[in-house]
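See below for the structure under consideration.
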Number of protein chains: 2
Amino acid sequence: MVLCMDATPRLREQACFALYTASRAVIGLYRPLLDRLGLTYPQFLVLMALWESDGRTVTDLGDALQLDSGTVSPLLKRLEAAGFVERRRGSNGDERRVTVHLTESGAALESRGCEITQVVGGASGMSHDELIALRDKLNEFTQAIRTRETATE
Amino acid sequence: MVLCMDATPRLREQACFALYTASRAVIGLYRPLLDRLGLTYPQFLVLMALWESDGRTVTDLGDALQLDSGTVSPLLKRLEAAGFVERRRGSNGDERRVTVHLTESGAALESRGCEITQVVGGASGMSHDELIALRDKLNEFTQAIRTRETATE
DNA sequence: CACGATTGAGTTGTGCACAATTAAGTTGTG
DNA sequence: CACAACTTAATTGTGCACAACTCAATCGTG
């Protein structure tokens with residue numbers, strides 16, 4: 001049990017609120033750029049994961065994005081309807097598994113997608129080194145939280 | 001136009017993805033704690049804004065949380081249905097404005113809510129000073145992005 | 001081999017986010 | 001005063017997130 005010594009926690013003083021706001025702000029910056037490709041930010045993340053390594057399973061993609069099948073499945077359905085990926089069930093002899101493969105059209109977005117990440121990075125007002133430091137700090141933060149996830153009383 | 005010198009942008013190297021993941025992770029840490037109060041994280045943010053200053057308008061709350069009326073209105077409807085706030089239209093002579101007021105029940109959550117922010121801060125694995133530094137860095141980041149929002153080509 | 005336990009993907013239901021729109025109320029200007 | 005421009009909150013529609021669940025396929029053990 002933690003005693004609350006402070007007065008009212010103020011919104012602007014909360015690190016978690018800053019995180020929540022920053023995350024939405026940067027996705028908002030991606031939005032108009034990704035719109036031209038017909039993608040949302042989570043869809044873009046899936047494509048990034050596939051550009052890195054094509055033919056991954058749904059579970060593997062979920063692990064990479066930290067999303068469960070309830071989020072990933074419909075997301076993949078939309079990406080498939082848009083013609084950017086193709087799903088194949090049982091492609092490795094296990095009829096439960098579905099592997100996801102880039103179409104020509106999905107693979108072709110890679111260079112434009114890469115440009116977009118550069119544009120957004122540039123708009124952050126931070127140097128490359130600062131961005132790396134921030135990223136590492138955030139990953140450290142996420143890691144710490146995940147290890148304590150169920151441990152909070 | 002920014003040239004893409006790099007190879008495929010890797011998911012784990014992206015600061016924006018780290019931000020997106022960290023934000024969801026910390027909200028996930030709040031979730032079981034807020035569940036006991038019958039609140040979601042955005043609902044908790046609204047209450048924090050009201051504990052800080054009660055009787056704010058919908059627009060004012062939206063500015064504080066960086067959310068538009070399309071998000072805030074239904075959120076307030078649920079908070080009202082749960083008995084934590086009350087909405088009053090035209091309370092200041094302007095029939096367009098709706099002011100939002102804490103009920104006794106909503107005001108009573110403040111100390112338990114404060115405790116929760118402390119618990120979550122403690123689970124971050126960071127010192128108070130580190131958290132403040134991270135928060136300031138994130139707010140700086142958000143500010144930089146907001147000024148460049150429409151300026152990206 | 002039988003069969004309970006587990007795995008993998010998908011579905012359902014709720015609650016954000018956000019764009020676009022609506023509708024009522026207010027303000028500014030001629 | 002008239003009326004167009006603006007403000008304010010709410011609604012509609014789409015797409016995440018996430019919990020809870022379903023169901024088929026596979027695995028582990030006797």
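Here the structure is a predicted model, which means the values were calculated and not measured. Chain A is the first sequence line, chain B the second, and so forth, proteins listed ahead of strands; every chain is numbered from 1.
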Seminar exercise, completed: Contacts of Ser69(A) and Tyr41(A) projected onto DNA chain D by closest heavy atom; the upstream (5') one is Tyr41(A)
Rounded to the nearest angstrom, tell me the gap between atom [atom1] in [X] and atom [atom2] in [N].
X: Arg31(B); N: dA17(D); atom1: CZ; atom2: C1'; value: 8 Å
X: Leu67(B); N: dG15(C); atom1: CG; atom2: P; value: 16 Å
X: Leu34(B); N: dA19(D); atom1: CG; atom2: P; value: 13 Å
X: Phe44(B); N: dC16(C); atom1: CZ; atom2: C1'; value: 17 Å
X: Asp68(A); N: dT7(C); atom1: CG; atom2: P; value: 16 Å
X: Gln43(A); N: dT14(D); atom1: CD; atom2: P; value: 14 Å

Exercise. Between Thr99(B) and Val58(B), is any pair of side-chain heavy atoms under 4.5 Å apart?
Worked result: no
Exercise. Under 4.5 Å between any side-chain heavy atoms of Ile116(A) and Leu37(A), yes or no?
Worked result: yes
Problem set entry | Sub-4.0 Å heavy-atom contacts from residues 85-100 of chain A onto DNA chain D, ordered by number | Gly93(A), Asp94(A), Glu95(A), Arg96(A)
For this session: Could you identify which residues of residues 70-81 of chain B place a heavy atom less than 4.0 Å from some atom of DNA chain D, listed by residue number, or say none?
Result: Gly70(B), Ser73(B), Lys77(B)
Test item: [X] side-chain N/O and [Y] main-chain N/O as donor-acceptor pair under 3.5 Å:
X: Thr117(A); Y: Cys114(A); value: yes
X: Arg87(B); Y: Val100(B); value: no
X: Gln118(B); Y: Glu115(B); value: no
X: Asp35(A); Y: Gly38(A); value: no

Exercise. What orientation do Tyr30(B) and Phe44(B) show, parallel under 30°, tilted 30 to 60°, or perpendicular over 60°?
Worked result: tilted
For this session: Please list, chain by chain and in numerical order, all residues satisfying salt bridge (Lys or Arg N to Asp or Glu O under 4.0 Å) with Arg31(A), sequence neighbours excluded.
Result: none
Exercise. Heavy-atom contacts under 4.0 Å between residues 19-28 of chain A and DNA chain C, which residues?
Worked result: Tyr20(A), Arg24(A)
Exercise. With sequence neighbours excluded, what pairs up with Asp63(B) under the side chain to side chain contact (heavy atoms under 4.5 Å, CB included) test?
Worked result: Thr59(B)
Exercise. If you look only at pairs with a residue in residues 48-62 of chain A, which of them pass as a salt bridge (charged side-chain N to carboxylate O under 4.0 Å, His left out), with sequence neighbours excluded?
Worked result: Glu52(A)-Arg10(B), Glu52(A)-Arg12(B), Arg56(A)-Asp60(A)
For this session: Start with the C-alpha gap between Glu80(B) and Arg78(B), add the side-chain angles, then the distance that decides, and say whether salt bridge (Lys or Arg N to Asp or Glu O under 4.0 Å) holds.
Result: CA-CA 5 Å; Glu80(B) 188 167 41; Arg78(B) 286 184 284 269; over 6 Å; no
Problem set entry | Base-pairing assignment for dG30(C) (Watson-Crick or G-U wobble, both under 3.5 Å) | dC1(D)
